[in-house]
Undergrad: 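Attaching a single structure in structure tokens format; questions to follow.
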Amino acid sequence: MQRTAITAAAAAHLIPDGASVMFGGFMAVGTPERLVDALVARGARGLTIIGNDTARPGVGVGKLIDAGCVARCIVSHIGTNPVTQKKMIAGDLQVDLVPQGTLAERIRAGGAGLGGILTPTGVGTAVEEGKTVIEVAGRRFLLETPLTADFAILHAHEADYSFNLTYRLTAMNFNPVIALAARVVIAEPGEIVPVGVIPPDAVRTPGILVNHLVERPR
Amino acid sequence: MQRTAITAAAAAHLIPDGASVMFGGFMAVGTPERLVDALVARGARGLTIIGNDTARPGVGVGKLIDAGCVARCIVSHIGTNPVTQKKMIAGDLQVDLVPQGTLAERIRAGGAGLGGILTPTGVGTAVEEGKTVIEVAGRRFLLETPLTADFAILHAHEADYSFNLTYRLTAMNFNPVIALAARVVIAEPGEIVPVGVIPPDAVRTPGILVNHLVERPR
Amino acid sequence: MSMDAKEIIARRVALELRDNTLVNLGIGLPTLVARYIPEGISVAFQSENGIIGFGAPPPGGMEDPNLTDAGGGFISALPGAAAFDSAMSFALIRGGHLDMTVLGGLQVDGRGHLANWMVPGRLVPGMGGAMDLVAGARRVVVAMQHAARGESKIVPVLTLPATAARPVTLVVTDLAVIEPTPEGLVLRERAPGVAVAAILAATAASLIVPDGVPEMALAG
Amino acid sequence: MSMDAKEIIARRVALELRDNTLVNLGIGLPTLVARYIPEGISVAFQSENGIIGFGAPPPGGMEDPNLTDAGGGFISALPGAAAFDSAMSFALIRGGHLDMTVLGGLQVDGRGHLANWMVPGRLVPGMGGAMDLVAGARRVVVAMQHAARGESKIVPVLTLPATAARPVTLVVTDLAVIEPTPEGLVLRERAPGVAVAAILAATAASLIVPDGVPEMALAG
């Protein structure tokens, strides 16, 4: 089978208005900026975005917030983005806050076919509201349910022609986890290399999980 | 802080009779053979071993079974080891069978501080007996509880002086998972290299998780 | 089972392979399916001990003790292979990332339930990864002999412990292709030269027989 | 908070570092602790965005957009560093592999409960990793100013949403070291030159005062 890379614009057109989109990135480090730009350029609307944070205005998914592409975000914090806070208070943006480790595990559970996980995080806090509490070995845990999405947009360090991916230092963060949890996975690599350049032990996301690869800028 | 490697014999003496020991390896591939030999040599007794399988007689943890070191094993299959089956039938060895993916997740949960995970695996089978069934979004899942151990014995490809570890191809299997789930972690690497030889992105088990490193044979 | 029977099963199962998908082949007979991949189809094979993209045994003297299949046999890695740990391996399996798993069977019953991990009092190998594979793969194909020791392995109700509550997708034997449906087991195809009557006679469970049961096509 | 207050807190917290352990420092004041590591103590610092073993900002022009701390600031990696994904990062945090986390606080109450993630109606930054850190680290040290805008941050009962049900291990402020115990908050140490009476006057919660409260030692 021959797999080809597509433009960021073409990838953005695969993502319809109203879609749920998981994104890699931690304060925009490890966020696929060209895919974000293409979503803004095509005027995406009503997206639900799922990831660590909304970065800052003008950076990473902060650009999606600025441009009004987002109806809802499921993130662990918004403290660094005043635009997110302003839109939330104005009622233009729904913000669901999830503890960061719980967010990672909920996405992982979605990708790994688990029905949920039990975590001690959030017990006895506002996070517990509306959730099932389960006691195991005398300790109380919250039952946290899986998260999946229509799309995942990843930033990778290298991709090979089989779409195998590597990540770099702290740009890895949520990228490998979301690669398992979305129906359609789109990766934006920094480099695209021939098969064999990435050794099997260096692959962090097997290419079979990746549906579309974004070509390098020409 | 200066960390030094110890002999396999010294490592084996850290593991007392009756201890629970998680081991890496899949049909003995990725099992620390020198640590196993040292446990046999010191005449360990009453161990509970936790890992994928009991390999074959004379190989991997099969040697622990042969030598009568093991009182109980928690594994996903024993089909390749007739000695395990004979001892089980004779009542000399308790065998707890756990589906392989559930075993990986239970150990991961133990290492990740989760109170358990919900899996569809085993629903409606003998594995369901005695377990809590939890319904999420209309589907039934088994609540599987965390597994931890006193010790984990790992086979690594490379270790550096900071005890960072890499693994090789299919010898990785349960090794990275058990490295998080035991009170004392002992790693037996194929090579020991200076700090910096293993780049940060190649590390699969951060050295801070490893308590003891077994030196190379002289 | 004769070589012919195994080959028929493997060549028929191979037609179930879909382009650009991930597939897990169980130990034994299912492994043979890899020999008959139809032209134009690119499949990645997963071995649950932690690799995608493995190939045939290596040239003599080049075996790597750190590279084996789930049966412990030496394999090679194809260009583009990826290695991972057991948690990731079963995330792939349980999370629906496998298009298909091909497994051997001891029994399949009238509701399509599979038993393949123990015979109480006689054989207790354990389930290994089988329960996860049947629970998680998108399609579960059972590749097995139609009968063992003269007894049908396709039975009205399992007498052996089930591998999963979920019915399998398809059963391919040396005699027939059978599809479990909510209405019961449907006879979809006959093996080359095998009559419907012969299949019915060799099957302990009842089969729904549509008008005209075609002979199975074979890959390779 | 004056530079002196921050420095006192950081230098006192640094004495809590234990050899050969993993430590997570929160954004802001807690970061300063890394400047005062006592001699003979080797500590690995984790940043929850996915690295163990990070160091000071890189030389000018050598910043790497793929290497930042949890606040988004450029960092360097020390020899022996290890990178990992968010699932692994929080497995380390929640699984008890962190010996200590040092966090800022908005309030600590008489039972040792911490609030540090939101002020209803005014500030909703979100909890980020704080709830996992407080739930999972072996020791949770709060490093904060004793008072803000003239009001004690050590209160009888939290008026802000709690970060965790679990009490913190130790509270270090510019005035005192306070240990939450089942009996209540115990005043363990005074800041240099600060009298017990001054601490009691500045604290809204009641404190248990043992006979003789020593002046705090400071690292570095």
Undergrad: Distance check, rounded to the nearest 0.5 Å: D:Leu114 atom CG versus D:Leu106 atom CG?
TA: 8.0 Å
Undergrad: Top residue by heavy-atom pair count (under 4.5 Å) with chain D, among B:Leu209, B:Ile198, B:Asp201?
TA: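 The answer is B:Leu209.
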Undergrad: Quick check against the 3.5 Å criterion: does B:Arg34 have a side-chain atom that pairs as donor or acceptor with the backbone of B:Glu215?
TA: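 Yes.
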Undergrad: Under a 3.5 Å threshold, yes or no: a donor from one side chain and an acceptor from the other, between B:Ser76 and B:Asn52?
TA: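 Looking only at side-chain atoms, B:Asn52 and B:Ser76 do form a donor-acceptor pair, the distance falling under 3.5 Å.
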Undergrad: Is it true that B:Asp17 and B:Arg42 make a salt bridge, defined as a side-chain N closer than 4.0 Å to a carboxylate O?
TA: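 Salt bridge present between B:Asp17 and B:Arg42.
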Undergrad: With a 4.5 angstrom heavy-atom cut-off, could you sort out which part of D:Leu22 is near chain B: side chain, backbone, both or neither?
TA: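 D:Leu22 touches chain B through backbone and side-chain heavy atoms alike.
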Undergrad: For B:Leu180, is it the side chain, the backbone, both or neither that has a heavy atom under 4.5 Å from a heavy atom of chain D?
TA: both
Undergrad: Are side-chain heavy atoms of B:Leu64 and B:Val21 found at a separation under 4.5 Å?
TA: no
Undergrad: Using a 4.5 angstrom heavy-atom cutoff, name the option from B:Val195, B:Ile208, B:Leu114 with the most pairs to chain D.
TA: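 Top option by heavy-atom pairs under 4.5 Å: B:Ile208.
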Undergrad: Please classify the contact of D:Ala87 with chain B as side chain, backbone, both or neither, using a heavy-atom distance under 4.5 Å.
TA: both
Undergrad: Between B:Gly196, B:Gly111, B:Ser162, which shows the greatest number of heavy-atom pairs under 4.5 Å with chain D?
TA: B:Gly111
